[in-house]
Structures are given as structure tokens and as C-alpha cells.
Amino acid sequence: MPESPLPESWQAPLGDELQAPYMQALRDFLAAEKAARKVIYPHSAHWFRAFQLTPLDQVRVVVLGQDPYHGPGQAHGLCFSVRPGVPTPPSLQNIYKELAQDLGTTPVSHGFLEHWARQGVLMLNSVLTVEQGNAGSHRGRGWETFTDRAIAAVNEQCDHVAFLLWGSYAQKKAAFVDRSRHLVLHSPHPSPLSAHRGFFGQRHFSQANAFLAARGREPIDWQLPAAPDAVGP
């Protein structure tokens, strides 16, 4: 794990967490997995990508996921997002359908969401690593504690943030968010298994933008560029 993977804005609330015993245990676990020649996603350079692209003082929207994608070339540190050239996963296809219905956006042929992250959409998985082909394999190893601290930092230090909580896992993880200061929106998960139970038609994107605009904050440009920018390792 890098010595200082967090940008300056996240250092105050999360810097000490990197030295906590639970994170040392997580480091040991990840080192043992690599020593056993297990393939871990995403690349270690992207474990903290969500924080690097979205400084704490610029967070306007929070989207929570659970685990990184576990297929080759997919995960790069943002929930729901995949690297350029990788087929768009079904849940993200449903997000695009809802976006088009809600805001009239034009669906794109890629699943690379850094355009949102760079505008202040914190796209955070609860668990930041996974073994190839083994969904949920790194749960309960410490990442959840770290990402709980990150959500708490947004809740306490930011004003007027829209939390888009899709599915029961995200809703439980952010249950403590102060609704007197932030907008908290719930819906079923966009997975094909649950999207038709209420994800479609919830208009979270326009609600988030209306909330931001009413409080003097710049709305999010949810229209993705037609071609994705390049991504690192």
C-alpha cells in the first residue's frame, strides 16, 4: 500500500486511519494474497482513486457501491465505473437508462465515469479491493471501517451534499447521515435483479441537481463525454 495515497484534503480525517491496527492487518492480508499469486483488482495505483479524483472540500454528491468489479480490466477505483474499452456492466446500463429518462442525457458506449468524479461525485465502494473472479472476497478485512470514516467525514465537514443510496447495503452504510444538512435519496439497486422494483423513475439525478442549485452549489453535468479519457495502470 502506498505511503501517502490520499490527497491533502482527505489527510486530516483519514490519514491516521492508514496507520491504525486494522489497516496494518489489511495490508498484511493483501500482501499475503499477492504472495500467493492471487490477482487483485483494481491495480494498487487505483485503490484510492475515488479520493484522488474527488477532494473532500469539493464533494457535492456521494454514490456508494459495495465491491469492485472482479473481472479482468474492469475496476479502476470508482464504484459502477469500468475502464475504457470494457463492456458497460448491466447495472451501469440501467443507470444510463434512468439518466436519459430523468435528464434527457445521451447514453454513451463506454462505462468510464471519471467525468462525474472530477466534478465532485464521490463514487465510493465500501470495499476497495477484490480477488479476481471471487466477488466479496475481501469483505470484513478492514476496508469497511475505512470507508465508514470517509462517509462520516463528508457528513461532518461538508455542507449540502446529495447522497444517492441505491440498494439496502448503501442505505445501511450511510444511515447516520444528517438529513437536516444533506439530501438523502433511497431507491432499489440498479442491478437487473432489482431495478424494476423502483430504481427506474426515481429521478435522483435531477433531484440532486435541484438540491445543489437551491443551496448555491453548482449542479453536476451528468452527460458523459462520448469518448472516455485515458486511464493509468
Q: Side-chain contact, heavy-atom cut-off 4.5 Å: Gln207 with Asp102?
A: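 Not in contact.
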
Q: Using the ring centroid of each side chain, check whether Tyr41 and His76 are separated by less than 6.0 Å.
A: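 No; His76 has its ring centre 6.0 Å or more from that of Tyr41.
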
Q: I want to check something: taking the side chain as every heavy atom from C-beta on, are Val108 and Thr106 in contact at a cut-off of under 4.5 Å?
A: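 No, every pair of side-chain atoms sits at 4.5 Å or beyond.
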
Q: Identify the heavy atoms of Ala50 and Leu78 that sit nearest to each other, and give their distance.
A: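 Reported closest heavy-atom pair: CA-CD2, 3.6 Å.
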
Q: Any side-chain heavy atom of Glu33 within less than 4.5 Å of one from His138?
A: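 In contact.
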
Q: Of all the heavy-atom pairs spanning Ser81 and Tyr69, show the shortest one and how long it is.
A: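 Looking at all heavy atoms of both residues, the closest pair is O-CE1, 3.3 Å.
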
Q: Hey, can you pull the donor-acceptor pairs under 3.5 Å for the side chains in residues 158-168, sequence neighbours left out?
A:
residue : atom : partner : partner atom : Å
Asp159  : OD1  : Arg181  : NE           : 3.4
Asp159  : OD1  : Arg181  : NH2          : 3.2
Trp166  : NE1  : His204  : ND1          : 3.0

Q: Please determine whether a side-chain nitrogen of the Lys or Arg among Arg49 and Glu114 lies less than 4.0 Å from a carboxylate oxygen of the Asp or Glu.
A: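 Glu114 and Arg49: salt-bridged.
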
Q: Hey, does Lys38 have a side-chain heavy atom less than 4.5 Å from the side chain of Gln132?
A: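 Gln132 vs Lys38: side chains apart.
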
Q: So, for Pro188 and Ser194, which heavy atoms are closest and what is the spacing to 0.1 Å?
A: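 Pro188 and Ser194 have their closest heavy atoms at CB-O, 3.6 Å.
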
Q: Could you tell me which non-hydrogen atom of Pro13 sits nearest to which non-hydrogen atom of Gln157, and how far apart they are?
A: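 In terms of heavy atoms, the two residues are closest at CB-NE2, 3.8 Å.
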
Q: Kindly give the heavy-atom pair with the smallest separation between Arg203 and Gln101, and that separation in Å.
A: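 The pair with the smallest heavy-atom distance is NH1-O, 3.9 Å.
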
Q: As an exercise, state the distance from CZ of Arg27 to CD of Gln19, rounded to the nearest 0.5 Å.
A: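 Rounded to the nearest 0.5 Å, the CZ-CD separation comes out at 5.5 Å.
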
Q: Could you tell me if the ring centre of Tyr96 sits under 6.0 Å from that of Phe80?
A: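 Between Tyr96 and Phe80, the centre distance exceeds or equals 6.0 Å.
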
Q: Drop me the distance from Trp222's CH2 to Ser206's OG, to the nearest 0.5 angstrom.
A: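 Result: 10.5 Å between the selected atoms.
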
Q: How are the rings of Phe48 and Phe51 set relative to one another: parallel (under 30°), tilted (30 to 60°) or perpendicular (over 60°)?
A: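 Tilted, since the angle between the ring planes falls between 30° and 60°.
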
Q: Do Cys79 and Leu113 have side chains that approach each other closer than 4.5 Å (heavy atoms only, starting at C-beta)?
A: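 When only atoms from C-beta onward are counted, Leu113 and Cys79 do not touch, as no gap falls below 4.5 Å.
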
Q: Grab the two heavy atoms, one from Leu6 and one from Gln11, that are nearest each other, plus how far apart they are.
A: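 So the minimum-distance heavy-atom pair works out to O-NE2, 3.1 Å.
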
Q: Return yes if a side-chain donor-acceptor contact under 3.5 Å exists between Thr147 and Lys173, otherwise no.
A: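 Yes, side-chain donor-acceptor contact under 3.5 Å.
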
